[in-house]
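Numbering starts at 1 and runs along the sequence shown. Hydrogens, waters and symmetry mates play no part in the numbers below; they use all other heavy atoms, side chains included. Everything quoted here is computed from the prediction, not taken from an experiment.
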Amino acid sequence: MPVQPTVRNSADSVLYAECLPEEPLLNYIYCYWELKTCQVLEAPFTYRVVADGCIDIYFDLTDPKESFIMGFCKKYTEFPLENQFHYVGIRFLPAMFPMLFKINALDLSNRWESLDLVLPKTAKFLANQISNTATLAQIKLDLDHYFEKFISKHAIELDSRLLAAVSIILQNSGVLNVEKDLDVGVSARQLRRLFEYYIGDSAKTFSQVIRFQNILRAKPSQQSLRQNKLFFDAGYFDQAHFIKEFKNFYGVTPSKAFGR
């Protein structure tokens with residue numbers, strides 16, 4: 001359940017929303033999302049995306065020909081936007097984009113790319129079939145139909161070794177010894193290759209992102225942050241390491257991120 005922080009500073013003027021795909025797609029796509037202005041802003045807007053272990057396709061609804069893909073990121077990313085915008089995206093669960101499209105996730109890591117250079121057929125579909133006046137509910141129906149049809153026509157090879165390793169990381173909330181605890185029947189070198197191809201980075205980095213994401217979902221109180229309990233529970237050795245890693249993934253310190 002990857003978490004992206006809600007829009008705070010311009011809550012009345014900027015809307016972020018998510019909706020789930022149809023059930024046959026739930027193993028592949030976490031959600032469809034929408035980020036839009038509800039009115040013209042007084043100044044340009046900067047949107048921060050935190051590390052979540054996922055790969056996203058996104059496009060400008062005012063001009064769906066402008067579509068992009070964002071790979072796995074091991075730190076937060078800030079997108080400078082204009083004072084009026086309307087974006088829609090597709091967030092794939094970890095490892096699922098490479099499994100569906102046979103594309104090496106490492107080639108997309110820590111950057112964004114024009115979708116027509118990666119998936120030209122999908123980019124063409126978005127440009128030709130998505131109306132720039134459609135609601136998120138209407139777009140969801142179009143995207144559900146497109147991806148259900150795609151899956152029905154392609155053999156999806158699910159690598160059981162990679163999925164077993166990802167499952168162990170998720171079950172342990174990212175708090176584990178990668179060298180000792182990921183015993184899935186492959187060598188350390190093979191495991192690294194699997195994670196680079198399907199996730200976009202190493203098992204260690206992915207585990208760190210999962211640990212960070214679990215902290216976001218927990219929504220710790222200011223009291224627990226002051227008592228220094230959170231970083232011990234999450235497997236950090238000291239507070240300085242916790243704050244440094246959190247800031248790398250989020251862009252601000254924990255106390256600022258969870259400020260009430």
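Taking all atoms of both residues into account, the shortest heavy-atom contact from Val178 to Ser207 is CG2-OG, 4.0 Å. Closest heavy-atom contact between Cys73 and Asn110: CA-OD1, 3.4 Å. Taking each heavy atom of Gln138 and Ala134 in turn, the nearest pair found is OE1-CA, 3.2 Å. Taking both residues in full, the closest heavy atoms of Leu126 and Ser67 are given as CD1-CB, 4.0 Å, listed atom of the first, atom of the second, then distance.
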Residues 94-107, side-chain donor-acceptor partners within the protein, below 3.5 Å, at least two apart:
{"unit_1": "Lys102", "atom_1": "NZ", "unit_2": "Met99", "atom_2": "O", "d": "3.3"}
{"unit_1": "Lys102", "atom_1": "NZ", "unit_2": "Ala155", "atom_2": "O", "d": "3.2"}
{"unit_1": "Asn104", "atom_1": "OD1", "unit_2": "Leu106", "atom_2": "N", "d": "2.9"}

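Within a 6.0 Å radius of NE2 in His241, more than 12 heavy atoms belonging to other residues, nucleotides or ligands are found.
Sorted by first and then second residue, the salt bridge (charged side-chain N to carboxylate O under 4.0 Å, His left out) pairs involving residues 122-140 (not counting sequence neighbours) are Glu22-Lys140, Lys140-Asp144. The salt bridge (charged side-chain N to carboxylate O under 4.0 Å, His left out) contacts involving residues 191-206 comprise Arg192-Glu196, where partners must be two or more places apart or lie in separate chains. Among residue pairs with one or both ends in residues 73-88, those qualifying as salt bridge (charged side-chain N to carboxylate O under 4.0 Å, His left out) are Arg48-Glu78; sequence neighbours excluded. Contacts classified as salt bridge (charged side-chain N to carboxylate O under 4.0 Å, His left out) and involving residues 171-185 (residues at least two apart or in different chains) are not found. The side-chain hydrogen bond (donor to acceptor under 3.5 Å, both in side chains) analysis of residues 158-171, with sequence neighbours excluded, yields the pairs Asp159-Arg161, Ser167-Gln171.
Contacts of Tyr87 classified as ring pair (Phe, Tyr, Trp, His ring centres under 6.0 Å), with partners at least two apart in sequence or in another chain: none. Taking Leu191 as the reference, Ala165, Leu182, Val184, Val186, Phe195 meet the side-chain contact (heavy atoms from CB on, under 4.5 Å) condition, with sequence neighbours excluded. Scanning for ring pair (Phe, Tyr, Trp, His ring centres under 6.0 Å) contacts around His86 gives an empty result, with sequence neighbours left out. For Glu245, the salt bridge (Lys or Arg N to Asp or Glu O under 4.0 Å) test picks out Arg211, with sequence neighbours left out. With sequence neighbours excluded, the residues that form a salt bridge (Lys or Arg N to Asp or Glu O under 4.0 Å) with Asp52 are Arg91. With sequence neighbours excluded, the residues satisfying ring pair (Phe, Tyr, Trp, His ring centres under 6.0 Å) with His154 are Phe150.
In this structure a side-chain-to-backbone donor-acceptor pair under 3.5 Å is present from Gln4 to Val50. The main-chain N or O of Gln190 is found under 3.5 Å from a side-chain atom of Ser187 such that the two form a donor-acceptor pair. In terms of modelled atom types and a separation under 3.5 Å, the side chain of Asn172 and the main chain of Gly174 share no donor-acceptor contact. A donor-acceptor pair under 3.5 Å is formed between the side chain of Gln213 and the backbone N or O of Val3. Asn248 places no side-chain N or O within 3.5 Å of a backbone atom of Lys244 that could act as its donor or acceptor partner. No side-chain donor-acceptor contact under 3.5 Å links Thr37 to the backbone of Val40.
The hydrophobic clustering, which links ILVMFWY residues whose side-chain heavy atoms are closer than 4.5 Å, places Leu141 and Tyr30 apart. At a threshold of 4.5 Å between side-chain heavy atoms, the hydrophobic network of Ile, Leu, Val, Met, Phe, Trp and Tyr places Leu26 and Leu170 in two separate groups. Under the 4.5 Å side-chain heavy-atom criterion for ILVMFWY residues, no single connected hydrophobic cluster contains both Tyr76 and Leu216. Residues Ile55 and Leu20 do not share a hydrophobic cluster, defined by chaining ILVMFWY side chains whose heavy atoms lie under 4.5 Å apart.
The side-chain heavy atoms of Ser13 and Cys38, taken from C-beta on, include no pair separated by under 4.5 Å. Residues Leu176 and Ile169 have side chains in contact (heavy-atom distance under 4.5 Å, counting atoms from C-beta outward). Under the 4.5 Å side-chain criterion, counting only non-hydrogen atoms from C-beta, Pro21 is not in contact with Phe147. The shortest distance between side-chain heavy atoms of Phe246 and Thr253 does not fall below 4.5 Å. Using a 4.5 Å cut-off on side-chain heavy atoms (C-beta onward), Cys19 and Leu136 make contact. Taking 4.5 Å as the limit, some side-chain heavy atom of Phe92 sits within range of a side-chain heavy atom of Ile57. For the pair Asp116 and Lys65, the minimum side-chain heavy-atom distance is 4.5 Å or more. Counting heavy atoms from C-beta on, the side chains of Tyr28 and Ile151 come closer than 4.5 Å.
For the residue pair Asp56/Trp112, the side-chain donor-acceptor check at 3.5 Å is not satisfied.
Separating the CG atom in Asp142 from the NE2 atom in His145 is a distance of 8.5 Å, to the nearest 0.5 Å. Tyr197 contributes atom OH, which lies 12.5 Å from atom CD1 of Ile199 (distance to the nearest 0.5 angstrom). Considering CD1 of Ile29 and CG of Leu93, their distance stands at 8.5 Å, rounded to 0.5 Å. Rounding to the nearest 0.5 Å gives a distance of 8.0 Å between OH of Tyr16 and CG of Leu35.
Using the six-membered ring where Trp is involved, Phe249 and Phe212 have ring planes that are tilted, between 30° and 60° apart. Between Phe206 and Phe72, the ring planes lie tilted relative to each other; the angle falls in the 30° to 60° range.
In this structure, Phe68 has its ring center no closer than 6.0 Å to that of Phe59. For an aromatic pair to be called close, the ring centres must be under 6.0 Å apart, and Tyr146 with Phe125 satisfies this.
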What verdict does the side chain to side chain contact (heavy atoms under 4.5 Å, CB included) test give for Val14 and Phe45, after you've listed the backbone C-alpha separation in whole Å, the side-chain angles of each residue and the deciding distance to 0.1 Å?
CA-CA 9 Å; Val14 180; Phe45 184 81; 3.9 Å; yes
Pair Phe79-Tyr58, side chain to side chain contact (heavy atoms under 4.5 Å, CB included): steps then yes or no:
CA-CA 13 Å; Phe79 289 90; Tyr58 61 99; 3.6 Å; yes
Could you walk me through whether Leu25 and Glu148 pass side chain to side chain contact (heavy atoms under 4.5 Å, CB included), step by step?
CA-CA 7 Å; Leu25 298 173; Glu148 286 177 2; 3.9 Å; yes
Stepwise, does the side chain to side chain contact (heavy atoms under 4.5 Å, CB included) test hold for Tyr32 with Ile139?
CA-CA 9 Å; Tyr32 304 126; Ile139 295 169; over 6 Å; no
